[in-house]
Amino acid sequence: MGVVTVWGVVTAVFLALHAVPGGPASVILQGGAGGGEVNPAAVAALEKELGLDRPLFVQYVTYLGDLLTGDLGDSIKYSAPVSEIIAAPFGNTAILVVIAIVIGCLVGISFGVLSGNWPGSVLDRVLSGLLSVAVSTPGFVIAIFLSLFIGMRLGWFPSLGYQPPEDGFGPFLYHAFLPSLALSFGFLALVGRVTRTSILSVRREDWVRTARGMGLSRSRVFRRHVFRNAINPVVTVSGLQLGGLLGATVLVEQVFNWPGVGSTLLNAINGRDYPLVQGIVIVFAVVFILTNLLVDLMYRFLDPRVEG
Amino acid sequence: MKSTVRSLWSRSTPGLAVTTCAMFLVLCFIFIYPLVTSVNPLTQDIENAFAPIGTPGHVLGTDNLGRDTLARLVLGLRTEILVCAAGTLLAAVVGTLVGILAAYFRGLSDLLMMRAVDIVLAFPNLVFAMLIVALYGAGDLTVVAVCAMAFFPNFARLTYGEVLSLRRALYVESAELFGGTRLQVIRGPLLRGVGPLVLAQAFLTLAFAVGLESGLSFLGLGITPPSPSLGLMIATGQQYFMQSPWQLLIPSIVLVVLLVALGYVADWVRDLLDPRGVTRVRRGARTGFAQRRNGMSFGQGAGA
Amino acid sequence: SAEGGSTDGRGTEASQTLKIGFSAEPPGFKTGVDQGSANKQLITLVRRGLLSYGPDGKVVPALASKYEVSDNNLTYTFTLRPDLKFSDGDPLTAEDVKRTFEYLAVPGNGAADQTSFANIASIGTPDETTVVLTLKKPQTALPKVIASPLSAIVPENAVDANGAPIGAGPFMVSEYRKGVSYKLKADPNYYDAGSVKLKEIEMTFMPDAQTRVKALVSGQVQFIDYVPAADYKTLENAKGVKLDTSHGLYGALQFNLTKGPLAVPKVRQAIAYALDLKAQNQAGTLGYGTANGGLPIPVDSEYYDEKQANHFAQDVGKAKSLLAEAGYPNGGFSLKLLTNSQYFGFTERAQVVKSDLEKIGITVELETGDYANQIAKGNSGSYDLMIGGPPAAISDPSALTGAFIGGPTFVRSAGINQDLYAQLLDKGAQTPDGPERKAIYQKIGDIYLQDVPFVTFGMGTAAYAYTDALKGFEMLSGPTVYSSLYSMATVQLSD
Amino acid sequence: MNARDDILLTVEDLDIEVSGKSIVEGASFSVAKGEVVAIVGESGAGKSMTAMAIPHLLPPGATRRGSIRFDGDELLEVSDAGMRRYRGAEIACVYQEPMTALNPLHTVGDFLTEAIRSHATGARGGQRRPQELLDLVGLGGYDDLLRRYPHQLSGGQRQRIMAAGAVAWEPKLLIADEPTTALDVTTQRNLLAMFRELVEREKMSMIFVTHDMGVVADIADSVVVMRNGKVVETGDVYSIFARPAHEYTRSLLSAARALHTSEADAASPAAAGAPEKPATPAGTGAVDPPVLEVRDLVVEYRRTGLRRRRTEESRRAAVRDANLTVARGETLGIVGESGSGKSTIARSILGLTPATSGSVSIAGVDMVGLRGRDRRRALSRLGVVFQDPTSSLDPSLPLWRVVTEPLWRSGKVRDARELRRRAEELLVDVDLDPAWIVRRRHELSGGQRQRVAIARAISHRPDVLIADEPTSALDVTVQVKVLDLLARLQREHGFACIFISHDLYVVSTISDRVLVMKDGQVVETGPTDEVIHNPENEYTRTLLGAIPVPDPVVQRGRRELAGAQ
Ligand SMILES: Nc1ncnc2c1ncn2[C@@H]1O[C@H](COP(=O)(O)OP(=O)(O)OP(=O)(O)O)[C@@H](O)[C@H]1O
Ligand SMILES: Nc1ncnc2c1ncn2[C@@H]1O[C@H](COP(=O)(O)OP(=O)(O)OP(=O)(O)O)[C@@H](O)[C@H]1O
Ligand SMILES: [Mg+2]
Ligand SMILES: [Mg+2]
C-alpha cells in the first residue's frame, strides 16, 4: 500500500513540476537577481545535456526505472546525486524536528496533565488558553517573534544561523534551539490539548473508579490507570502530526536561515531542480508513511486490544 | 441541521456567547466599514509612508507605500476570510463526498479514493501549496484551490471513518430496509449523520486555511498585491520591522486573534456535539465517539 | 572558537577572517555565463581577467600588466605578468587566454558577452606572455568587457559548463557546503598575494534579506550584500555598521509590443506620461535610486542627456489625450503585469504602476510568482507589461545594444522594432569616445522617445553593509556594481 | 431483623446531590454481618448512587448528607484520603459493566497483584496470592489466565476476576452493583452461585444491587426497594415477596411474575396484566402457507479487507443449517444464549447479512439474487424492531418522519400532511401522545423509543414483523407493557411475527412456537407449551433451570433441587 502511495506521490510531483512554467536550464543560466540575458542556444544545449528535451513520457519512465533501483537521480543545480545532496539538510531538519518533538512532548504532556487533572481550575484555564493561542499561531509568526525578540532584542540565543555539528555539538544545539522552539509550538499545543481531553475522558472511565475502590493512592491511580491509558491517543496524534511538522519547517527554516530540507526544497522549486524536488517530496512521503506505520505498531504495542 | 444549531445554542456558555457576538460584530465591521469609509486601502501616499499609530486620518498608521493600515487590515481580513472560507467550503464538499462514497460503497472506489487521499496527505501542506502556486501562479483563486486540495483529505478521512460506523448503525440499515435507494440513504441519514462533525471540522479547517494562506502570502505565493492579506502585511511588516514595528505587530496580533477565535468556536461546536452531552447513550457509542474524535480534527495544519 | 560568531573580527588581534552573509547560493562556475549577482561576486573573488576595475570604476591592469591598441582600433596587444599561476598551481599562459576567449565566443556556451568575443577575428599568442586580439570591427568598450569578472581567464579543465572553482583570483575555494556556505582562503599563487590581507572568507548563504540584516546587526556576519532598501534606515542608524549605497541596474517597465493596444506607440507614450517616476523611485528603492527616464544611461555618464531623461515627466492630461488619439479614449482596456515576489522592489514597483495606469483608465492585473516563473513567461513573451530592466554588464553606452537588439528574452521587451536602432547602435559601439559618439546616442535617444519600447524608471539602488572594522572596501556603481568585491583583494579587518 | 450488635452498616437519612440536583433523598437501611441485602428498583431509581455513597466513589460534584456508620465509624466524617483505608480492605466493590470496569491495558495478573498490594502489608494478615484468588472465584482451572487481558475474557469471566480482586483483602462488606445484568442466564446463574459461596466462605456481608426480582429471590436475605431516589420499602425477603406493603413493590412483583405465568409448576400466583396470547386465526399455522420460509440457512462471517488475516474464529459459521417457517398471524419465538446466532438469522432474513448458503423466501418470493427495485419491494413486506431502540432511530428526524419512514421511502405516501396524519394514528396505536410527532429521539425514554420503533415497523402493514430482542433493554414493568402492545397489534393487524429473546419466559408469553438455538444450531423446536413443559433437549432444560423465578421459596427450592442432582 505504501508503495502505491509513493508511486502516486512521485507521479503527482513529476507531472506538476513539469507543467510548471520555467525550466531549470534558463534558471541555471540566468542565476537569479542581477543576472543577465539568457542565450536561447545555451538553454537548448543545456536542456539537451540534462535530457530535458526528451518526450515527457520517456523522462517519466526513465525516472521511475532509476527510482526502482534506488536512484533518486542527479540534482540539476548541483550536478550531484540527489541522495547525497539531501542527506545533510535532512539531518539538519531532523534535528530540529526531534528537538521540537522532545520539547513538545515534555511541555505539552505536562501542560495537558496539569490542566486535565484540575479541570475548570484557574491553572486549567490559563494553560488551556495558552495552548489555544499556541495551536492557532502560525509557525512563521512565532518564528519571527522568537527571532526578533529572544534572538535580537534579548540576545539569549542566536537570532538565526547554523553551526555545523562537526564544529561542536554544543554550538550546534545552541543555534538549533530557537528554530526548534518555533517549530514545537503548534505541536506542543496539540499534544497538550489531546492529553488534556484524553485525561478528562479517561478519568471518567469505570476502571478508574475500580482502582480507587481498591484503595489505591491518588498518585498511583493517576499513574497506572489514568495517565497510562490517556497516552495512547497522544501517541497517535503526535505521530500523525509529523507530516505537519515537516511542512512547517519550510517557513521556520526560512526565518532562521537554517540549512534544512525546507529551505533546500524552497530553493529547488524556485530553481526548478526537478530531481531534487522529487527526491525531497519522495522522502517526505516515505517518512510520512513510515511514521504512520510506526504509529500503528506503537498503537498495537501500547494497546493490547488492537489485534496484532 | 436545524436541531443541531438549536441544541448548540441552548448549551452555550457566557464566554462563548461573547466570542460569538464579538466575531459577528467584527464580521459586520469588516463588511460594512469599506462601504462607509472614504479611505481607500489601495491609495498610495509615498510621502506619508510609515506614519505611526494615531496619525490623524490613519488611526493605525501607514505602510511602506503610505497606505492606510486600518483600511488594509479590514480589506485584508475580508479577503482572507472570503478566500479561506471558499477554500474550506470546497474542501468540505469534496472531502465529504469522497469520504461518504468511499465508505459507503467500499470496494474499488474506496481503494482509489482513499489512496488519493493518502497521496495528498503524504505531501506536507505547504509543499503541496507551493507546487500548485508554481503551477497556476499566485492569486485568490489559486489560494482557494490550494485550500480545497490541501484540506479535503481531512474531511474525507473524517467522514470516511464516521460513515464506516454509521452504515452499520441500525437506523441507517433500516433506512435501506425500508426501501431507501443508495442515493436516498446518502442524502438522508448519512449526510445528516456526518453533518455536525463536518461543521466542527469546517471551523477548524477555516483556521488552518487562514494559517496556510498567511504562510503562502508570507512567501509571496498567496494573495496577489496590491490587495492586502494578513500574510502579506506580516511579510511586508517584517521587512520594515526596524522602522515601524507596529506594521508587523498589528497584522500578527489580528491573525492570531482570528485563529484563536476560530479554534475556540470549532472546539465548542465539537464539544457540544459530543453525544455524551446530547443524550445519555450507551457505552458503545461513547467509545466510538472517543476514537473518532481522536482521529478527527487535527490532520495536518496546526503549526503549518 | 566559532561559538556564537558574535565576537569575531572585533577582538584586539583582528583575525582577518571575513564572514559574509551572502544573498544567494552561487549557481556555479560556468565560464562566461551571467548567473546573477551572487555568482559575479564570487567569481570576482576567485578568478581574474586580463583587466579589472579600480575603486572608481575605471579599468585597471590585472593579469595583464599593460595593453596597447592599434591606431585603427582593431588590434589589442596584452602583455601578461610573468609567472602567473592558477590557484591549483598550474601556470597561466597566453594559451589559457586564447582558449578562454575562444570558448566565450561560441553562442551555445551562453557567455554574457558572447557578441563581443565573436567580434574577435583572431587571437595570436606570439609568446607565453603576449596575447594579440584582432577585431573584425572596432569596439570601443572592449577593455571594459575584458575587465568584467565574466571574462576571467580559466584553466583548461574549467572551460566548460560545469566549470571547476579554479581561477587566478586573490582567493581560492577551500570548502563548499551545498546549500550552506563557501569558505575561501587567500590564494598564495595570486600575482599580488602580498597585498591580500584577508586570510579567509566565509560566505554563508542567506537568501532572505531580513536574515542578512539581522545577521549583520547581531554580529554573526561582518559583511552583507544585496541590502534591501527597506533596511537602509536601520543600518544607517545601527552602531558599528557601515552602509555603502550606490546606484545599481536600471529598472524599467517592459512592454509586449506584439499585440493589442501596446502595439501602438502612442499608447506606450501615454503610459510613459502616466507613470510617476518619483513614486517609482520611492517604492522600488525608497528614494535611493534615481528617477530618470529616457535611455538607460547612468546619470554620471558623459552620455547622459538630462532633457531626454525628463521628457516623460508625469502628465496625466497628456497621457489621456495621447490615449484618445490612439483610439482609446479613457483607456478602457486591461493589461496583465508580470512581476515576481521573490526579489525586493518588483511587486512594490508593480503596485505603483497599477495605481498610476488606473488613473488613465487602464486596468492592470498583477501576476506574480517566483522569479523562474517571470523568466519563463518573459522569455516566451506571455505578458502585456512586465517589471524588468535592460541588461548591462559594463558602464558604457554600447551596453544599450542589449536593451534593443537580440533574440527573444525576458530582459528585452517582446517584439521590439530592432531595425530602428540596430544601425545606430552598431555605429555607436565602434566610434571612439567623443562628441561624435555622443551625437549618435542622442539620436538613438530621440528615436526611443517616440518609440518607447520600454519605460525607464531610473537607476535602481544597490548597497553593501559591513562592520566598520572593515577598511578599504570600495563600492562600484551602476552596471558594474556586482564587481565591487574586486576590492576585497586589498581590504583589511582592523580592531 | 437482626440483633443490634450484629449490625455492620447503618445508612440513615442519606441524601445525595449531584451538582445541586437531588438524586437520593432520605435513604435508610442497615446491613447485618453476614447478611445479603438486595437493593432493587427501576432504572434511574438511585440504587447505584446509594451503594456507591458508602465507599464514597460517587461521581465528581456529588455531595452526601446524613449518616453512614460502618463497623462503628462514621464514614461521612472520614476524609477522602482516609477512605483509602476502608476501600478494598474493608469495603470492596464489583461493578455493573464488566467490559469497562477493568483497565484494558492491564492483564488479569496485574489487576490481581495490584489489588493485593493496594494496602501496606502487615496492616492485616489477609493478602493472598493471585492464583489463590482465582481458585476462590472458580477460575483455577485456566493456566494462562493471569497473562490475559480483559478483552480476551468472556463477560462472566471478567466479573469473576473483579470479584477475585474484591476479596483480596477479605473485606467485611462486598458491594455488587448489578454484576449480572449484562450477562446471559446461564452465566448469571453460575455467578450468583459464586457470590453466594464467597459470602458464606468469607463470612462477608453483601449489598447486591439489581433490578431483577428473580435474582433478588435467589440471593437476598433482605430487600431494599427504591423508587425515584427514595427507599419505599425494606424488609425480609420472604415477607416482601409474600406481603409487599408498598404499591410500587407490588407492581414490580406482578410485572416480574407476569413473565413467568406459563411456568410449569405454577407455584407463583398468576398475576394480573399478563399479556394475552393472540388467538391464531386458523388454529395452527401449519394450515396456512408460510409467509416466510427459511431453508438450510448457513451464515459465516467473513472478515472483509485485505489486511485482516483469516482466523479460525472468523470462519466459524454463526448459523448452521437453520430451517424455519412462519405463517400469517403466527408468532415464532427464537431463544438461545448470547452469541447463539439469533440475531444473525434475523439479519440474514432482512438481507443485512448475506447468507452463505440456503434460501429465504418471503410470500413465495425467493430473496436470493434479488436486486434493486424487486428486492426493495419484497423487503417492504417485512417490518423490523431492533433490540436497541436508541440506535435504530435516526436522531435528527422528528418522530413523524421516523414512524412513517417505510411509507415515504417506498414512495407509497409522499404528501407531508398525509404522513403526519398517519404518524399520529400510529402513535395512538402504540399508546403514545399523537402530539409527540414533532419530538425527536433524545426527548423520549427507552420504553417510548421502543414503541416508536414498533410503530414504524407496522406503519406499512408488513406481512412479517421481525422483533430482535425488542424488550431486553427495558425495565420489567415497561417490558410487560411492550409485550402487551405487540400482542394487541398482532391481533389487530394479523402479521406473522418472529420474536427473538434470550429469555425463554419472555418468549413463551407471546409465541405460538419456539425455536431454541445453541452455537448457531437449532437444537429444539416445537409449540411453546411443549418446549416449556417437556423440553426434549438437554440444553433447553438447562436454560429453563437457569432462569431465577421471582419467588424466594420456589427459587431456593429449585436451587436445592439442582444442587442435589
Ligand atoms: N455522574 C452523574 N451525574 C449526574 N447525575 C447522575 C450521574 N450518574 C447518575 N446520575 C443520575 O442519578 C440518578 C440515579 O442514578 P443511579 O445510577 O443510582 O440509578 P440506578 O438505580 O443505579 O439505575 P440503573 O439501573 O440504570 O443502573 C439518575 O437519575 C441518574 O440520571
Ligand atoms: N459482524 C460480525 N462479524 C463476525 N462475527 C460476528 C458478527 N456478528 C456476530 N458475529 C458472531 O456470530 C455469532 C452469532 O452472533 P449473533 O449476533 O447472531 O448472536 P445472538 O444470538 O444474537 O446473541 P445476543 O443475544 O448477544 O444478541 C457470534 O459468535 C458472534 O460473535
Ligand atoms: Mg446502576
Ligand atoms: Mg442479538
Side-chain angles (χ1 to χ4, degrees), chain A residues 1 4-6 8-9 12-13 16-17 19-22 129 132-133 135-141 144-145 148 183-187 189-190 193-194 197-198 201 232-233 236-237 240-241 243-251 254-255 262 265-266 269-270 272 277 280-281 284-286 288-289, chain B residues 111 115-116 118-137 207 210-212 214-215 218-219 231 234-235 237-238 241-242 245 248-249 251-252 255-264 267 271 276 283 286 290-291 293-295 298-304:
Chain A
M1 278 301 125
V4 178
T5 309
V6 171
V9 168
V13 181
L17 272 181
V20 165
S132 351
V133 172
V135 86
S136 311
T137 313
F140 73 95
V141 173
I144 290 173
F145 279 88
L148 288 179
L183 204 55
S184 75
F185 261 66
F187 178 72
L190 201 67
R193 283 154 55 106
V194 175
T197 326
S198 181
S201 77
N232 287 5
T236 318
V237 169
L240 296 179
Q241 202 48 34
L245 267 181
L246 278 179
T249 57
V250 176
L251 286 166
Q254 174 90 352
V255 173
L265 179 68
L266 200 64
I269 292 183
N270 284 338
R272 304 291 185 269
V277 178
I280 292 174
V281 172
F284 272 162
V286 170
F288 176 82
I289 291 164
Chain B
L111 213 65
R115 209 51 37 201
D118 276 358
I119 289 171
V120 176
L121 278 178
F123 280 89
N125 277 344
L126 201 75
V127 175
F128 194 72
M130 278 163 53
L131 276 179
I132 298 180
V133 172
L135 205 54
Y136 296 109
V210 170
L212 182 67
S214 55
F218 178 73
L219 289 177
I234 293 175
Q238 199 217 194
F241 173 71
M242 312 273 186
L248 168 60
L249 288 177
S252 304
L255 176 66
V256 171
V257 169
L258 173 67
L259 291 177
V260 170
L262 281 175
Y264 193 39
D267 276 1
D271 284 354
R276 265 175 286 193
R283 250 163 238 283
R286 185 189 289 194
Q291 281 161 5
R293 170 163 139 133
N294 294 331
F298 302 112
Q300 283 180 21

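All chains are named by letter (A, B, ...) in the order of the sequence lines, taking the proteins before the strands, and each is independently numbered beginning at 1. These numbers come from the heavy atoms of this one structure, side chains and all, not from hydrogens, waters or symmetry mates.
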Portion of [X] that has a non-hydrogen atom of chain B nearer than 4.5 angstrom:
| X | value |
| --- | --- |
| A/Val9 | both |
| A/Val141 | side chain |
| A/Phe185 | neither |
| A/Val255 | side chain |

Set of side-chain contact (heavy atoms from CB on, under 4.5 Å) partners for A/Leu266, sequence neighbours left out |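 If we apply the side-chain contact (heavy atoms from CB on, under 4.5 Å) test to A/Leu266, skipping adjacent residues, the hits are A/Val250, A/Gln254, A/Asn270, B/Met130, B/Leu219.
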What residues, two or more places apart in sequence or in another chain, satisfy side-chain contact (heavy atoms from CB on, under 4.5 Å) together with B/Val257?
->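 Expected list: B/Ile253.
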Would you give the length of the straight line joining atom CG of B/Leu249 to atom CZ of A/Phe145, rounded to the nearest 0.5 angstrom?
->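 It comes to 4.5 Å.
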Leading residue by heavy atom contact count with chain A [cutoff under 4.5 Å; candidates B/Ala207, B/Ala116, B/Gly215] |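 Heavy-atom pairs under 4.5 Å are most numerous for B/Gly215.
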So do B/Ile234 and A/Ile144 actually touch side chain to side chain, heavy atoms under 4.5 Å?
->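 A side-chain contact under 4.5 Å exists here.
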